[in-house]
Amino acid sequence: MQNLDCINRLINCFTKLPGVGYKTAERYAYKIVEEDGAFTKDFCDALLSVKANVKFCRRCGNFSVADECNICAKRGGDVVCIVRDPRDVIAIEKSGAFNGTYHVLHGVISPLDKKGPDDINLKSLLVRIRDEKITELIIATNPDVEGEATANYIAALVKPSGVRVTRLAQGLAIGTNLEYADQVTLSRALMNRVEI
Ligand SMILES: [Zn+2]
């Protein structure tokens with residue numbers, strides 16, 4: 001009997017990706033079996049290249065190929081926009097309404113998923129507040145339960161240091177993912193941000 005463990009291994013790898021169930025993982029694996037060698041090589045090269053070259057910006061936590069990301073390298077300022085993940089940076093950059101720097105949390109506080117304040121990128125934010133003379137944090141986590149809880153936690157944490165803390169204005173529907181919000185909505189939400 002032939003040993004097809006290698007296909008199962010590949011299926012298993014795909015099931016670890018977000019949003020991919022067993023059936024989809026199976027389809028991906030079979031597709032790769034059917035594809036020619038050039039595709040597979042390109043696919044593997046792309047995976048390895050990402051792992052070898054992309055890291056996190058030491059200042060803001062955004063994706064970067066250098067120690068500091070493109071945005072940190074060319075911007076300073078005392079206003080920092082806090083987002084859940086790098087996709088949100090892209091969404092806000094597309095709106096063109098913000099020209100400060102970002103801070104990427106890589107998650108939100110979510111007791112249901114056993115994610116507390118220590119599990120997100122908060123310690124380096126406190127260092128930045130101390131070292132960069134930050135005057136305002138705009139908290140742009142999603143308007144859902146975890147996003148709100150995270151915003152409130154950060155506000156309580158940093159307010160004693162005198163930093164102004166604001167939140168994106170309503171206009172983003174509850175449950176909207178920032179990355180899917182249109183540019184006009186995002187610009188307005190930034191412009192009309194409210195104190196928390
Ligand atoms: Zn950065």
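Starting from 1, each residue takes its place in the sequence as its number. Indexing begins at 1, ligand by ligand and atom by atom, following the structure's order. Quantities reported herein were computed from a predicted structural model and do not represent experimental measurements.
Within a radius of less than 2.8 Å around the Zn ion (ligand 1), the protein N, O or S atoms are C57 SG, C60 SG, C69 SG, C72 SG.
When the options E132, K74, R128 are evaluated for a side-chain hydrogen bond (donor to acceptor under 3.5 Å, both in side chains) with T101, the one that passes is R128.
For the side chain to side chain donor-acceptor pair (under 3.5 Å) test, no residue two or more places apart in sequence or in another chain qualifies with E68. Legend: residues meeting salt bridge (charged side-chain N to carboxylate O under 4.0 Å, His left out) with K94, ordered by chain and number and at least two apart, are absent. For E195, the side chain to side chain donor-acceptor pair (under 3.5 Å) partners are R164, not counting sequence neighbours.
Residues T150 and R84 bring no donor and acceptor atom of their side chains to less than 3.5 Å of each other. No side-chain N or O of S49 forms a donor-acceptor pair with one of D45 less than 3.5 Å apart.
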